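Below is one structure, written out as structure tokens, with a few remarks after it.
Computed from a predicted model, the values in this text were never measured in an experiment. Order of the sequence lines sets the chain letters (A, B, ...), proteins ahead of strands, with each chain counted from 1. Note that these values count all heavy atoms, side chains included, but never hydrogens, waters or copies made by symmetry.
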There are 2 protein chains.
Amino acid sequence: MEVDYDAELPPYLQVAADLRRRIASGELRPGARVPSITYIMETYGIARNTARRAVQVLTDEGLVVVRQGWGTFVRSDEADDES
Amino acid sequence: MEVDYDAELPPYLQVAADLRRRIASGELRPGARVPSITYIMETYGIARNTARRAVQVLTDEGLVVVRQGWGTFVRSDEADDES
DNA sequence: TGAAATTTGTGCGTATGTATT
DNA sequence: GAATACATACGCACAAATTTC
């Protein structure tokens, strides 16, 4: 998916929506690793900060859990701090 | 207040804490205008993005309400969309 | 009408720190 | 120690919304 800079929705929200869709569709299941910031910025063709903001949106929504130095994962309903 | 770059708490959280304290103390009452991003970055000696993040923290906490082109205000309990 | 000033919103690029593997 | 991944910060530029003149 490529971002549309002319769309009403800003790029970081477009990416967030795409990731949200991939989670809702089951492509990214609970516990699965979400594409890294670096991967996101490269594949969507956006800056690092923009990629981080997209992930931040999902974090705020509780859809994903971020662990520094490890990665970002689709949240599991059972527990939030499982290892 | 000046930020401490050697402290455990990152600058943007230090500023957020300071603003939160000013609200809790009554210095900034409900409906009052919160210092603008530009004012914050100048007085605290931090970058614009960092200042925005500090305000964003309070926004996420529901302590303040941001209106583009107008300003940021301490949230009133009565209503969220009053003019 | 509209231009200017103010303020928040979004984005780019870069650098360094911290945590995990 | 090396590689990977997230965390924080700086600086800059332009867009969008609001107010004021």
Are the side chain of Gln14(B) and the backbone of Asp4(B) linked by a donor-acceptor contact shorter than 3.5 Å?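 Checked: pair present.
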Applying the 4.5 Å side-chain criterion to the ILVMFWY set and letting contacts propagate, would [X] and [Y] be lumped into a single cluster?
X	Y	value
Tyr5(A)	Leu13(A)	no
Tyr12(B)	Val34(B)	no
Leu9(B)	Val15(B)	no

Should [X] be listed as having a side-chain N or O under 4.0 Å from OP1 or OP2 of [N]?
X	N	answer
Thr38(B)	dT6(C)	no
Tyr5(B)	dC10(D)	yes
Arg52(B)	dT8(C)	no
Thr50(A)	dC12(C)	yes

Atom-pair distance ([atom1] on [X]; [atom2] on [N]), nearest Å:
X	N	atom1	atom2	value
Trp70(A)	dT21(C)	CH2	P	6 Å
Ile46(B)	dC10(D)	CD1	P	7 Å
Met41(A)	dT4(D)	CE	P	15 Å
Arg53(B)	dA7(D)	CZ	C1'	7 Å
Arg33(B)	dT7(C)	CZ	P	7 Å
Ile37(B)	dG9(C)	CD1	P	7 Å
Phe73(A)	dA5(D)	CZ	P	10 Å
Asp6(B)	dG17(C)	CG	C1'	12 Å

What do the steps show when you test Thr72(A) against Val65(A) for side-chain contact (heavy atoms from CB on, under 4.5 Å), and what is the final call? CA-CA 6 Å; Thr72(A) 305; Val65(A) 178; over 6 Å; no
Considering all heavy atoms, the nearest Arg33(A)-Trp70(A) contact: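 Nearest heavy atoms, Arg33(A) then Trp70(A): NH1-O, 2.9 Å.
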If you assign each of Val34(B) and Gly45(A) to its closest nucleotide in DNA chain C, which residue comes earlier from the 5' end?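 Result of the comparison: Val34(B).
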Measure from the side-chain heavy atoms of Ser36(B) and tell me the nearest of dC6(D), dC12(C), dT7(C).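 The answer is dT7(C), which lies nearest to the side chain.
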Among the candidates dG9(C), dT8(D), dT7(C), find the nucleotide nearest to the side-chain atoms of Tyr12(B).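 For the Tyr12(B) side chain, the nearest candidate turns out to be dT8(D).
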Which distance, rounded to the nearest 0.5 Å, do you find between the CG of Asn49(B) and the CD1 of Ile37(B)?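 Those atoms lie 10.0 Å apart.
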Measure all distances between protein nitrogen or oxygen atoms and nitrogen or oxygen atoms of nucleotides 13-16 of chain D, and list the pairs falling under 3.5 Å.
{"residue": "dA16(D)", "atom": "N3", "partner": "Gln68(B)", "partner atom": "NE2", "Å": "3.1"}

